[in-house]
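Every value quoted in this text rests on a predicted model; they were computed, and no experiment measured them.
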Amino acid sequence: MPLTPSVTAVARVAHLSSDAVIDSPSVFSSYWKSLSRESTNVTILPHGSDPTPTLLRHNATSLLSHTTTSSPSLIRLLPHVSELSSLPIVFHIAAQGDLADALVLREVVPYFIHSSSAQQAHDNALLASRLARTERKGVVHVFHVGRMGDKVEEVAEDEVKPFIVAEKHAHTLSKAAARPKSPNARPHSPSPTQPYSPVPGYASGHSSGRPNGFANGHTRKGNDPHKSQSSRSATPTTPTVVVPVDSNTSELLEGYEAAALATLALTRRSQLALAQHGSNEPRVVVFGLGQTNLDFNIDGVAYVDVSLLSPLPSPRILGAIRPSARHVIVLEQIEKWTTKWTPLFLDIVSVLQHRDSEDRPAVRSAYLGDTSGLQSENVAAFLISTTTSKPSVRTQLGASMSSLSTEVPHVPKHESSYTSILSHLFGERLEISNSPSLVPSQGQFATSPEFALGRVRGALEERNELVKAVQELLQDPKLPQETHSLLSRWVLVKDDAAKILSLREHFRVKSRWVIGSDAWSYDLGASGIHHAIVSGLNLNTLILDTLPYTARNSSDPGRRKHDVGLYAMNYGGVFVASVAVYSSYAQVLQALVEADKFDGPSVVLAYLPYTTEDSTALDLLKETKLAVDSGYWPLYRWDPSKEAAGEEPFSLDSDAVKNDLQAFLDRQNHLSQLVRAKPLLAAELVTSLGETVRAERRRRAQQAYADLLSGIDAPPLLVLYSSDGGSAEKKAKRLAGRAQVRGLSTTIATMDTMDIDMLSHEEYVLFVTSTAGQGEPPQNGRKFFKLLNAAVATGAKPLEGLKYSVFGMGDSHYWPRPEDAHYYSRSGKELDAKLSALGGERIAELGLGDDQDADGAETGYKVWEPLVWKALGVDSIEVREAEPEPITHEHIKAASSYLRGTIVEGLEDASTGGIAMSDTQVTKFHGVYQQDDRDIRDERVAQGVEPAYAFMIRVRLPAGVCSPAQWLAIDQIADEHGSGNFKLTTRQTFQFHGIIKKHLKPSIQAINRALLDTLAACGDANRNVLCSVIPSLSKLHAQVYAFAKGISDHLLPSSTAYHEIWLDKKLVAGEALKDFEPLYGPSYLPRKFKVAIAVPPTNDVDVFAHDLGYIAIVNECDELAGFNVIVGGGMGLTHGNKKTYPSTASTLGFITPERVQYSRRENHDIAEGQRRKNGRLKYTIDRMGLDVFKAEVEKLLGFRFQPARPFTFDRNIDDFGWHTGDDGKHHFTCFIENGRVQDEPGRDFKTALREIAKVHKGEFRLTASGHIVISNITTWDLPEIKRLLAHYKLDNLDFTALRLSSSTCVGFPTCGLAMAESERYLPLLIDKVEKICEENGLRNDSIVLRLTGCPNGCARPYVAEVGFVGKAPGAYMMLLGGGYYGQRLNKIYRESVTEPEILAILGPMIKRYALERLDGERFGDFVIRAGYISPVREGQSWYEGAGGEGPYREVIA
């Protein structure tokens, strides 16, 4: 339903007048969600839940409003209406079409008011609110949704509350007369329940001294002096009739009159119980209930619109039926009613019984439909038809509104995550027994579990009849013995066949499902869940829980949600599963299949945490991970049928078990067996780990305090730091060391180890903090900052005894725009201010270290540190001891005993899921990175447990070539040891994520069994060697592949540590033989080294972005003639540090294959090792000069390079689709978005590639953009490969060229270096940018767009036409002007942009490109020619002209 003026007006009145508003999800909900949380006390209930308990809990309010939609669910209020009716509650019910559902409440509430127009809905909302408050009774106000063009004149906001709370008065006419008259005002009446008199001047209900209308239930004889047919409500001339009105009704009517008169005084519009117009001497009186809109002047016809239905003003109704009336037609907007006669019709018939029989007119019932567009002749025809028809015939005026009242309920788009899986699994067998599509034919109750249960029970009974009929048929002696077609058998058995055919739909075993929300969990009995569980029927129930983990404590505390899973398991005989599609897709599939197979009821609890339909999939993913990791939403399956077979019925599919579930398992005596049987974290470890960590922190704090007390000769000093990248930590540790040398008793710790109470006992504290994200504190300081914020909010000063100073670190260039300048070193500035606000005494002014200074942050630090020593009184102490040299990566590598470190001991340490930090620098050489789940990092800190450590493993796969057997092994490793999926990286290899420590060794052993390894896939050595896939040049690919593999093998480290640690090769006793690294030396390289081989015309490996590149030169016979050698490319940089920059490679010359030698990299001495940020080959060449570097290389080679040979590149994207090689074999390049091989609804690519690998006899080639080529397919095998590709939709290449040309890195949540989203965000960004391209006719025009989560540039964004590099969550550096085939660097166009800014920039730019581009001109070239950005000539000049050119230049602070 739309948010029409009627709905808005009623919602506004409810908001302004009520102490609390309770909304059942309805047309009102969007209005409530548009309000700020602070503006009103609004509670939006879950869909389908019973509002009664919530309403009853607000019984102390002076006025409560309940907003909802007219639907069958209103019947839930009936058992409690008597209790609710004694409370000041207004039920605002929005109707569209049929009023039947709302009218069920009429007989059980004191007041029932109906509004037929938008303006009346506004006025009656005011009336109903005042009436409920003054009378302390329940009021139902039903109004119509109306149309968007309706006009409403609203009362000023500041007048509503005084009107509602004003004391009750009998008359307020003097106030009404004093107000200026509204142009929309109607004539008014002193008594809304009595007839209207046009004579002005009222006194006690009389006009000119004569009684006006009725008094005490009487009407008076007399002639009406106003007999014109103009609109009026006249006092009819009727016989004296006494209509009995009981005292309770009289009291209710008096209360309504008082509220109506008060509303009249406020709005200058009268609210009449019955509004009459038309003929004074009517022959036909038409009573209308609904949207009548009958403003036709038809001779002899009077119209009466009914507003007040309870209490019904019976005398007023009788008075409205003049003696001249021969026919009364009761028009009611009620199409579906449970009895033959409608309620208002019966009331009018009942009232007329007080007249003599000869004076009674004939009464007819009619249906009021949509009267818009009707003309007077249509109404006249209707009147004739009705008055001449039989009394039992119910006629109709206007078109039916059934389509409006039974519209299909909206299904939130996120729910398709599960419904599409059901459709995929069960296909034609699937039956959603409470599908919203049933509503138009079955009514609103079709979505309830009770309806579904009855529907399934009926279907199963019919299927039993089918079975019985078939069994009887088999006993029929007429049945032929020989085999005949099924049709022949039916023909022979005649009538029996017809019966079976009528039930033929039950031959197929259906998978019957009921889908509902977690609202069913609040009342298991009323919702029907209990009945489904105890029914014993083969019915599957899928309950979607949409409450986000972070909002779990913000729901209504008075409404207790039951755990349906535990309820069902305790009942017994029910299959129960708890699943989360954004945590484990495979587990969802397994649970749904097992539920379908289970013979009996099943309940599947499905987690889908979203707040609105605008919530992104990324939001749902993060909420799901928090819920599963914490144990709030455990993943499990409970199959009681296994218990009978002696198997364990419970399967835990996640690490943590919540307390209630664990208690159930304890009662079932299964938990101990479960923990022993499953390769998961023990429940004891999960639950006790946080307490252990907290105890250790307390011990450390006590020890630190004791150490401080022992420093008698000098003031104790505490150094606290927060650091993400390690820079602030190093400075803090150096500061602590210098303090100890000066005689200070010093302790150092991270900020998150402290709380306010502990800090208040300290005397001197120095703080060192860096800045993360958008001015946020680093991860290990965020908890401490939150404590400070909470303490400041109280206004207390708990730190009055603290003496402190703060040193903050940041980068002023990181936020160049004036409006963002305050983010610079924001965490340090805020820390300093908050400590002061809490009473701390600043002993040295805030120090700021700026990365843009000559010595970086050290420049500011050198100024700040002396101030600290002076404040502590130790500035005069002469320090003679040399400071210990800081431990660097080079020291760790050199001391690692050729890449051994303490890795073996770390793997055996079961007390932690991680390894020592020093070992993390060594494991990189083994292809292993330690990571943790950053989505749940903060939550785990709050729980007091260590990060959710897991490891990434990268495979060494030269040129990206693997066999089908190796692919199957990789697929299996991902399932058995990883997260169920794997990544095709931008270095043409496989990457696993989510491998916990105890699976590290088995994973690497499995990789080696597949004749692969992970040695030097990461670390400061040569990385995986890239090579063009060139599917159309099979012979040439074989040559360059052999060359790439030879380079990779030659540059491998020689250490045997890899085989000892992971493959259990034993070290010679007593270390009799020592490892030796002839190429690398004991400290290896200062930074990583990357090699790529490209074959023109396709630069699909971005050869210019590598330290060493080979460009294959082919002779006239299409054979390899040699290589052009290029050096000095590299993508990484550090944000804000202009000493770091990306670079493209420069040419050394040409070399023939037979003269190719492998030279080692020479710049790995200690000096280079101390400057890791400048340790790449590109910086060495820039310092030496290309000519000098070339001469040194030629000296080592012993010969000179030949002049470079000509070549041409025309692209650096993959060639998707089918290709045939020069050997006649076929190749297909598949599009795998972002290189993530996984199964998801509609895209089971992991399964597809596994099935292809089972039959494929060629090879797979991974591309440098994260896609896959199925290579060397013989013509014989081609049909089967094509069939599999089509079956799994892997042959679909119907994507925009922009999407096909995009790539990204992994980013959050696993990459520890990521500053912003990348893999999870890029598809969402592409969705929006490609719309811009399609709008401008560029669907098939390639624009190379790349995005990375940090400046290290794994997806090579610095050579893309459009690049984005993460700076903070939601903020990216924007780059423009790269070469289409990767030959030219792009440049900074905007230092920091968010998504709206990205779209605002690219929209006009892409449109202009579409209109003004030259033939064949690429986007990267166009933005340079159009003057947006200047071209980059070399890496060292990368920052020149940053920010745009001319009118497009960004204003820099």
Side-chain angles (χ1 to χ4, degrees), residues 1-18 21-24 26-32 65-71 73-74 77 89-106 109 111-132 138-155 160 184 186 192 256 259-260 263 267 269-275 288-293 305-310 331-334 343-344 368 370-372 401 404-405 407:
M1 292 183 182
L3 192 60
T4 60
S6 297
V7 177
T8 303
V10 173
R12 176 178 176 269
V13 171
H15 166 219
L16 296 175
S17 61
S18 306
V21 177
I22 310 300
D23 177 62
S24 293
S26 62
V27 66
F28 291 96
S29 300
S30 57
Y31 179 87
W32 301 130
S65 290
H66 175 47
T67 55
T68 185
T69 302
S70 180
S71 69
S73 62
L74 290 172
L77 293 170
I89 303 177
V90 182
F91 301 87
H92 293 289
I93 302 175
Q96 188 171 23
D98 204 337
L99 293 174
D101 293 325
L103 284 169
V104 298
L105 301 177
R106 181 199 168 199
V109 293
Y111 293 102
F112 192 103
I113 301 172
H114 168 259
S115 298
S116 59
S117 67
Q119 186 63 64
Q120 192 178 21
H122 168 270
D123 297 346
N124 274 339
L126 289 167
L127 189 156
S129 299
R130 177 170 172 82
L131 182 60
V139 180
V140 172
H141 172 220
V142 179
F143 68 98
H144 299 269
V145 171
R147 297 176 173 84
M148 295 304 298
D150 293 340
K151 303 296 183 183
V152 178
E153 182 181 335
E154 296 181 328
V155 171
V160 175
N184 296 330
R186 298 178 184 174
Y256 175 84
T263 307
T267 65
R269 291 179 293 271
S270 58
Q271 302 308 311
L272 301 175
L274 303 178
L289 176 61
Q291 289 178 289
T292 49
N293 301 320
D305 292 332
V306 181
S307 178
L308 180 65
L309 274 81
S310 290
L331 271 173
E332 296 172 84
Q333 205 161 306
I334 303 174
L344 183 59
L368 176 63
D370 183 6
T371 59
S372 60
M401 290 188 174
L404 299 176
S405 58
E407 69 174 10

request  = Any chance you could lay out the side chain to side chain contact (heavy atoms under 4.5 Å, CB included) test for L331 and L289, step after step, and finish with the verdict?
outcome  = CA-CA 6 Å; L331 271 173; L289 176 61; over 6 Å; no
remark   = Taking every heavy atom of D150 against every heavy atom of P5, the minimum-distance pair comes out as O-CG, 3.3 Å
Check: S115/N124 side-chain N/O donor and acceptor closer than 3.5 Å = yes
Verdict with reasoning, I334 to D98, per side chain to side chain contact (heavy atoms under 4.5 Å, CB included) = CA-CA 5 Å; I334 303 174; D98 204 337; 4.0 Å; yes
message = Tell me if a side-chain donor or acceptor on Q119 pairs with a main-chain N or O of E153 at a distance below 3.5 Å.
response = yes
note = Here the gap from S6 atom OG to H122 atom NE2, rounded to the nearest 0.5 Å, amounts to 11.0 Å
key: Atom pair CG (L274) and CG (L309), whose distance is rounded to the nearest 0.5 Å   = 9.0 Å
task = Identify the residue among S65, S18, S26 that makes a side chain to side chain contact (heavy atoms under 4.5 Å, CB included) with H92.
result = S65
query = From T67 OG1 over to F91 CZ, what is the distance, rounded to the nearest 0.5 angstrom?
reply = 11.5 Å
message = Any side-chain to backbone donor/acceptor pair from Q96 onto A94? Under 3.5 Å, distance only.
response = no
Pairwise distance CG(D23) to OG1(T69) - rounded to 0.5 angstrom = 8.0 Å
task = Go through the steps for L105 and V142 under the test side chain to side chain contact (heavy atoms under 4.5 Å, CB included), then give the verdict.
result = CA-CA 11 Å; L105 301 177; V142 179; over 6 Å; no
ask   = Which atoms form the tightest heavy-atom contact between Q271 and T263, and what is the distance?
value = CG-CG2, 4.1 Å
Closest heavy-atom pair and its distance - L272, S307 = O-CB, 3.3 Å
ask   = Going from CG on L131 to NE2 on H141, what distance comes out if it is rounded to the nearest 0.5 angstrom?
value = 11.5 Å
task = Can you see which heavy atom on V90 is nearest to which on A132, and at what distance?
result = CG2-CB, 3.6 Å
ask   = Got a donor-acceptor contact below 3.5 angstrom from the R269 side chain to the D123 backbone?
value = no
query = What heavy-atom pair brings A102 and F112 nearest, and what distance separates the two atoms?
reply = O-CE1, 3.5 Å
task = Any chance you could measure S70, atom OG, to D101, atom CG, to the nearest 0.5 Å?
result = 4.5 Å
task = Please check if the side chain of S24 supplies one atom and the backbone of T68 the other of a donor-acceptor pair under 3.5 Å.
result = no
inquiry  = Please report whether the ring centroid of H114 lies less than 6.0 Å from that of H144.
reply    = yes
task = Name all residues meeting the side chain to side chain donor-acceptor pair (under 3.5 Å) criterion together with E332; count only those two or more places apart in sequence or in a different chain, and write none if there are none.
result = T342
task = Grab the two heavy atoms, one from H15 and one from Y31, that are nearest each other, plus how far apart they are.
result = ND1-OH, 4.2 Å
